[in-house]
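Since the structure comes first, as structure tokens, the remarks are kept for the end.
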Amino acid sequence: MTASRLATGGSAIDRSRPIRFSFDGASVGGFAGDTIASALLANDVAIVGRSFKYHRPRGIWGAGVEEPNALVDIGGPQATPNTRATTEPARDGLVAKSVNATPNAQADRNAFLDRFSRFIPAAFYYKTFMWPDWHMFEPRIRAMAGLGKVDTHWTSPGTADQINHYCDVLVVGAGPAGLAAARLAAGAGLCVTLVDDQHKPGGSLGHRACEIGGKPASMWIEETVAELTAGGHLILPATTAFGIYDHNLVGLNQRHFDGRRDTLWRVRPRHIVLATGAIERPLPFANNDLPGILSADAALAYLRRHAVLVGRRVVVATNNDSAYGVAAALAEAGADATLVDIRRDGMPNATAKARLVKGRALAAAKGRLRVEGVTLDDGTRLDADCVLVSGGWTPTIHLFGQAKGKLAWSEARAAFLPGDPVDGISVAGAAAGSVSLSEVFASSEKAVASHGKTKAALPLSTGPEATGGIVAAWPVPGSKGRIWIDYQNDVTVKDVELAARENFVSVEHLKRYTTLGMATDQGKTSNLPGLALMAGITGRAVPEVGTTTYRPPFTPVPLASFAGARAGELMAPVRRLPLESVHRESGAVFQEYGGWLRPAHYGGRGVDADRAIQDEALRARRSVALFDGSTLGKIEVIGPKAAEFVDFLYYNTMSTLKPGRCRYGFMLSENGVVFDDGVLVRLDEHRFVVSCSSSHVAAVHARLEEWRQDRFGRDAVYIHNATSEMATLTVSGPNAHKLLETVDLGLSLDDADLPHMAIGHGFYGGDAVRIARVSFTGDRSYEISIRADRAEPLWAHLRQVGQAFDAVVIGLEALMILRAEKGFIVIGKDTDGTTLPHDLGSEGPRVKRQTEYVGRRSLFTEEASRGDRLQLVGLTVPSGEAPLPTGAHGIKREGDRLHSQGFVTSSYHSPTLGRPIALGLIERGAARHGETIEIQHLGKVRTAMITAPCAFDPAGERLHA
Amino acid sequence: MQLFPCPFCGPRDETEFHYGGDAGNARPDGAEVPIERWAGYLYLRGNPKGTAREIWVHTSCGEFFVMERDTVTHKVLSSTAFGGEHAA
């Protein structure tokens with residue numbers, strides 16, 4: 001190949017703006033408007049990459065998204081691996097590198113692999129690397145696999161925008177069919193969005209000469225764009241419609257080329273017109289992958305758009321009419337062109353400037369690193385520095401297929417065309433099998449017709465019309481030489497034959513066994529030849545073999561587009577306490593607990609966290625502790641049937657609760673499993689507050705709503721989640737009462753007025769406060785709830801008066817120790833998805849309750865009544881030992897075998913007791929207090945004694961101390 | 001992404017909804033419900049191919065409703081609030 005830039009012409013390039021970039025370390029010159037591929041061709045760079053498996057030298061094949069060979073890694077600030085050189089604009093200073101080649105594409109160290117190709121056919125590694133162990137080979141093979149390299153020093157240039165968009169008609173593709181459809185739809189008063197992956201609208205009109213309405217096509221394009229723009233319609237160039245999803249949601253990825261990340265568009269059109277064109281197929285002949293063998297249409301595109309003549313001595317091999325115009329154009333531009341057509345008759349008139357060889361096909365391409373000539377099937381040899389091939393056209397029906405559109409085989413076009421229509425989607429132009437411009441425009445009119453009467457005139461093709469004559473030339477079994485089907489994944493005719501021999505004849509099996517169509521180009525040029533070959537091998541017709549499933553994306557989409565702003569802290573935002581900044585000033589170290597960012601302890605960073613936590617827990621028992629419990633769920637249940645409602649929702653009878661009092665209880669799931677626990681407050685006759693686990697509020701709220709709407713009705717109860725409205729500050733410990741007496745809260749704190757499990761109402765600084773005497777520590781406790789935005793002065797006040805009592809501010813970790821000392825459970829930690837309320841020692845309601853409640857029937861199954869259920873216990877280890885590992889299993893021995901008999905759920909060192917404490921779920925545990933069992937963790941066995949869950953103040957005297 | 005019509009809020013993305021089970025899966029009350037009946041209520045689902053009547057909740061507004069849809073074509077046939085006062 002001796003490709004060169006012509007002195008004049010090139011509709012896409014701006015010769016006044018020369019640019020320079022580097023490819024594999026060499027400087028390459030071009031013009032603004034060049035793609036990397038067109039600039040490389042203009043500089044006669046033949047080898048641009050190496051193939052995936054055999055490291056064969058590869059050149060540019062196409063001029064668009066179908067490109068299987070010319071992948072490059074783009075370096076620099078917008079580094080992107082595996083970019084198609086045919087669609088990437090060449091920019092000044094850009095650094096591009098070939099993929100899968102060391103050190104570069106021209107001289108690849110792994111090129112020797114090609115000589116071993118007959119030992120490494122499709123699926124060889126499934127058979128070869130079985131013995132002794134795949135993992136022995138894996139690192140080496142992984143290192144060799146893959147194409148481009150990720151730049152690990154890459155930093156994100158920001159987040160991608162995401163736009164939700166709506167329109168009446170979305171037209172995909174701005175070629176003649178799409179432009180006509182957009183104009184006709186606009187003329188019908190519809191709001192149109194037109195997208196195209198090219199920089200400029202026009203599609204094939206940019207390189208296939210035509211005349212519309214007596215004028216050159218370029219004028220019609222400009223006129224159409226101007227009209228659409230003036231009408232307020234949206235035209236998005238450099239934007240790929242990569243997927244059609246459920247209910248015709250269309251995903252678009254828009255490129256910017258100005259340093260910004262791509263933009264993701266989610267479009268909900270009323271109607272979609274697919275005018276996505278068609279992709280040219282290769283022809284099968286030996287060594288058809290050599291550099292210098294291009295798609296004929298691509299060569300024409302490079303000539304017209306970039307003024308690049310791809311060769312001097314050009315053989316144009318074809319089985320259809322479309323290559324005739326290419327041969328004529330290249331001959332016109334000065335190339336020596338020979339047309340080789342497999343047909344003997346029925347073809348269009350060839351240009352006088354090109355030789356025509358009728359009734360012959362290419363048998364092989366000659367050359368080592370680039371094509372030097374061809375041999376015809378009669379043995380004739382032709383010299384050539386470039387071979388252009390056209391094996392026919394595959395309509396781009398990917399989006400139609402994604403929308404579950406059925407395809408129909410057309411023998412006349414040797415292609416699959418869109419079959420039965422899909423709701424809301426029509427297909428126009430070459431994608432629908434149209435060939436001549438008149439047919440294309442007629443298909444556009446049909447696609448838009450059902451949406452309204454258009455005032456726009458149908459464009460008229462006034463020039464010579466293209467014809468679609470074709471005789472299929474599929475790869476056939478038993479061919480001589482190595483004939484490539486899938487260039488990118490190195491799948492040859494022999495590989496497909498091998499798959500057939502081993503009975504991988506289904507098209508989906510063929511794909512996975514040989515990797516045909518599984519490369520980054522997703523088989524845009526290879527799928528149809530591959531399945532046609534399989535049809536030939538198995539004696540079936542092409543439509544009997546069928547196609548693989550079409551799935552998004554049509555071309556690769558950066559993950560950043562899908563992520564949008566959902567990165568970093570916004571990936572999974574945490575909920576924050578109203579007093580967070582105050583806690584930070586106090587040295588709080590924050591951790592995420594069930595979606596909330598909460599102080600773990602107040603020891604500050606860099607200190608021994610365990611010591612800080614032990615110290616907090618110890619001091620809490622000694623005098624008084626302050627704790628921010630604002631995350632505790634506070635869901636109000638209000639209404640005439642509120643009491644009946646909470647009775648049904650709770651395992652415990654709640655309707656007998658007196659106003660102003662609290663009761664602890666369980667909520668079950670319908671399968672009987674304990675779903676949540678907490679204290680229910682009855683504010684008055686028809687008003688309750690459900691306190692639920694901090695991390696469980698949304699789930700409990702949803703469950704209350706479900707039962708309200710499904711069983712009780714909207715008028716019976718009203719549910720309001722007030723969790724974030726109120727901050728809850730807890731004062732707990734032997735001196736809690738004394739401390740609070742020094743703060744004027746406007747109510748009596750005497751035990752007669754505010755006993756344990758009661759609530760009181762008061763005021764602080766003019767704001768109403770609710771004080772609940774409930775305890776999660778086992779000590780006398782007051783939970784003070786106040787408007788979240790007024791909590792700060794109260795918290796400061798409590799801390800200030802606390803100094804006189806040596807009050808300690810405790811984090812969640814210390815609270816966990818305090819509650820474990822008391823045997824108080826945390827749902828989901830001390831219970832699992834099988835724990836029933838009687839496993840936790842709460843047998844009463846199960847035995848006594850006569851009224852209905854959620855999960856009731858499940859408590860009386862055979863499973864629920866088993867004698868060997870896991871039950872909540874305390875576990876004590878000999879003094880001086882370390883705490884048991886959480887998750888360690890209680891074991892029993894049967895001969896040599898170990899069986900689990902439960903596990904440790906919570907385990908801490910108790911500073912107050914001066915020894916480890918633990919909770920666990922142990923088989924028949926409630927009846928085994930005093931028994932010693934073996935506990936195993938990671939092969940190490942220890943002993944522990946089963947006790948009651950409560951290890952501290954079992955009589956509960958401290959609640960009233 | 002599917003569009004589901006909330007009877008109160010109109011068409012919204014499917015990500016705003018949670019599935020709530022088969023419609024018409026009536027809860028049998030009482031501790032003496034035959035265990036087969038209870039197991040059916042808890043676990044047995046029709047999983048129909050074609051038209052399905054299902055409970056969904058629109059998490060943005062919190063309302064539960066009945067939606068009829070085709071499990072093959074994903075076409076939404078109707079959506080009705082509990083009590084039938086709103087339909088979309």
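Each chain gets a letter, A, B and so on, in the order the sequences are listed, and its residues count up from 1.
Nearest heavy atoms, A:Ile635 versus A:Asn721: CG1-OD1, 3.9 Å. Taking every heavy atom of both residues into account, A:Ser669 and A:Arg703 meet most closely at OG-NH1, 2.8 Å.
Residue A:Glu852 touches chain B through its side chain alone, counting heavy-atom pairs closer than 4.5 Å. Interface remark: B:Val33 contributes backbone and side-chain atoms alike to the contact with chain A (heavy atom separation under 4.5 Å). Of the two parts of A:Arg849, neither the backbone nor the side chain holds a non-hydrogen atom closer than 4.5 Å to a non-hydrogen atom of chain B. Proximity to chain A involves both the backbone and the side chain of B:Ile35, based on heavy atoms less than 4.5 angstrom apart. Interface remark: A:Thr851 contributes no atoms to any contact with chain B (heavy atom separation under 4.5 Å).
B:Gln2 and A:Tyr245 share no side-chain donor-acceptor pair at under 3.5 Å. Using a 3.5 Å distance cut-off with no hydrogens or angles, the side chains of A:Ser655 and A:Asp647 do pair a donor with an acceptor. Side-chain polar atoms of A:Trp265 and A:Thr239 form no donor-acceptor pair below 3.5 angstrom. For the residue pair B:Glu68/B:Ser78, the side-chain donor-acceptor check at 3.5 Å is satisfied.
When A:Glu862, A:Glu706, A:Arg266 are compared by the number of non-hydrogen pairs under 4.5 Å with chain B, A:Glu706 comes out ahead. When the candidates A:Glu705, A:Lys404, A:Arg856, A:Glu670 are compared by the number of heavy-atom contacts under 4.5 Å with chain B, A:Glu670 comes out ahead. Among the candidates B:Gly30, B:Pro28, B:Ala39, the residue making the largest number of heavy-atom pairs closer than 4.5 Å to chain A is B:Gly30. Contact tally against chain B (heavy-atom pairs below 4.5 Å) for A:Phe860, A:Tyr853, A:Phe648: the top residue is A:Phe648.
Between A:Arg270 and A:Asp168 there is a salt bridge, since a side-chain N of the basic residue sits under 4.0 Å from a carboxylate O of the acidic one.
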